[in-house]
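Notes to accompany the following structure.
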Amino acid sequence: MKKIIKAGMLGIGNIGKGTYQALEMNHSKIEETTGLDIEIVKILNRDPDRDRGIDIPKSKYTTDVLEILEDPEIDIVIELIGGIEPATAYMAKALQNGKSVVTANKAAIAANGKYLAQLAQDNHVLLRFEAAVAGGIPILTSLTTALLSNKFSSVHGILNGTTNYILTQMGDHGKDYAEVLVDAQQKGFAEADPTADVEGIDAANKLSILLSLVFGVDAGPDMIPTYGITTVGKEDIAFARSSGYKIKLLASAHEADGKVSANVEPAMVPERHPLASVDNEFNAVFVTGNAVDNLMFYGRGAGPLPTGSAVLGDVIGVARKIAKDSAYDNVPQLRYDSDLEYIGEGENKYYVRMTVPERPGILGQITTIFGKRGISIETVEQKTSSIQDGIQTVPLIFIFLEVKKSALLEALDEIQILKDRVVFSVDNIMRVVQ
Ligand SMILES: NC(=O)c1ccc[n+]([C@@H]2O[C@H](COP(=O)([O-])OP(=O)(O)OC[C@H]3O[C@@H](n4cnc5c(N)ncnc54)[C@H](OP(=O)(O)O)[C@@H]3O)[C@@H](O)[C@H]2O)c1
């Protein structure tokens, strides 16, 4: 049995440092429990003279990625540079060279997971990416091991810490989105360019991976209807609170009658639902299986040490297989073999807040268009009026019964182009979870 397992790491940013640090911290415990001495022997660092705030012998650094990808001593390549390229090309090269790969890169796995998983199989090595979905939460390993006996009917995730932090702060302090975003950036919970997070792209990447693991469905992030949180306002938070809901950016997939629907969008979650209690930077994944029933995984979806913990879990799993010479026994985690049909968006209950001029007959004109399109309104509520652009306006809040969001958007488009300006603005649309 091979006792020393050597790994090379690409990138020494937040997660690179967290992974290295977690291994240093717990090396002897890992060795005691597994009998393996796992070492990170080389690290790709494109600027080795820069102070990275971590004590790593300079001799471990290389600026040449081939020194890792072509080193016959290295069994495992840990990819932590992020982005689709060159990360995919580096992982592909490592797999072709007979090295197993562990990555935290959701963008690359969502875009190229199928290709990389095939390469891993062809080369009898392993590809693992637990940290790519919900950081420190071991959801992928659980789905593909302990929960394998289940057929799942749904998965709902709060998969992005940045947006959950922003929505929680807006809810707790009644602040505006823009104000909370600046605070989140100052505290390191949001990137300087927050687009991928606040527009739901990051969550869609993760949901795309979950769709493969949970349902065996091949749906790239571009096939998942995705809406972000930038239109959520104080008024929505206040309505949600007063109606017993919390607003969350939900990544959801649902199976019914052989059809799988999925979307990423802001949603009003009832306060009694376990996902409503997931606040700030925390993540959670709520799955429903036909044997296990409801199950919620909760924890830190980001951060150097929690994510490093997930990366190392994969490294240890792979190292164990290598030590037993059983890495060839590779069951890919990604699968695209189910008979289920992927249909994109499903039907849900929706909340719409719009501002209309305060004059008689407006509500009738609006409801006529919804009625004509077969869209059923559950309730409509009128809020306090105010003056906007010299016009007396009033906010209206509609709750619609099950409808496709695209159908709702088409109806709202028709209403917005009615003559005499029937609608001043459509301010926000959110799913309502029941
Ligand atoms: N941050 C989290 O909490 C979190 C959670 C889960 C998963 N992830 C995933 O983990 C991965 C790493 O994220 P991170 O937060 O650690 O990012 P990061 O702090 O930006 O670190 C990226 C590292 O990769 C290096 N790098 C980037 N492109 C490179 C290239 N072409 N060649 C060589 N080195 C390159 C960077 O070098 P320089 O420092 O020289 O720029 C930096 O050291 C990403 O895939 C991310 O999605 C992150």
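When a ligand or atom number is given, it counts from 1 through the structure's own listing order. Keep in mind that the numbers below use all heavy atoms, side chains included, and drop hydrogens, waters and symmetry copies.
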*How far apart are the C-alpha atoms of Lys246 and Asp279, what are their side-chain angles, what is the distance that settles it, and do they pass the salt bridge (Lys or Arg N to Asp or Glu O under 4.0 Å) test?*
CA-CA 10 Å; Lys246 279 202 183 175; Asp279 282 336; 3.2 Å; yes

*With under 30° as parallel and over 60° as perpendicular, where do the rings of Tyr298 and Phe282 fit, or are they tilted in between?*
parallel

Report each N/O pair between ligand 1 and the protein that falls under 3.5 Å, naming both atoms.
residue: ligand 1; atom: 3 (O); partner: Gly303; partner atom: N; Å: 2.8
residue: ligand 1; atom: 16 (O); partner: Asn14; partner atom: N; Å: 3.1
residue: ligand 1; atom: 16 (O); partner: Ile15; partner atom: N; Å: 2.8
residue: ligand 1; atom: 19 (O); partner: Asn14; partner atom: N; Å: 3.0
residue: ligand 1; atom: 19 (O); partner: Asn14; partner atom: ND2; Å: 3.2
residue: ligand 1; atom: 37 (O); partner: Arg46; partner atom: NE; Å: 3.4
residue: ligand 1; atom: 39 (O); partner: Arg50; partner atom: NH2; Å: 3.4
residue: ligand 1; atom: 39 (O); partner: Arg52; partner atom: NH1; Å: 2.5
residue: ligand 1; atom: 40 (O); partner: Arg46; partner atom: NE; Å: 3.2
residue: ligand 1; atom: 40 (O); partner: Arg52; partner atom: NH2; Å: 3.1
residue: ligand 1; atom: 41 (O); partner: Arg46; partner atom: NH2; Å: 3.0
residue: ligand 1; atom: 43 (O); partner: Ile12; partner atom: N; Å: 3.1
residue: ligand 1; atom: 43 (O); partner: Gly13; partner atom: N; Å: 3.1
residue: ligand 1; atom: 47 (O); partner: Lys106; partner atom: NZ; Å: 3.2

*Using side chain to side chain contact (heavy atoms under 4.5 Å, CB included) as the criterion, point out the one residue from Asn164, Ile158, Thr162 that pairs with Asn160.*
Thr162

*Run through Phe239, Phe398, Phe400 and flag the one making a ring-ring contact (aromatic ring centres under 6.0 Å, His included) with Tyr351.*
Phe239

*Any sub-3.5 Å donor-acceptor pair from Thr103's side-chain atoms to Asn105's backbone N or O?*
yes

*Per the side chain to side chain contact (heavy atoms under 4.5 Å, CB included) rule, which among Ile56, Leu80, Ile81 passes with Ile12?*
Ile56

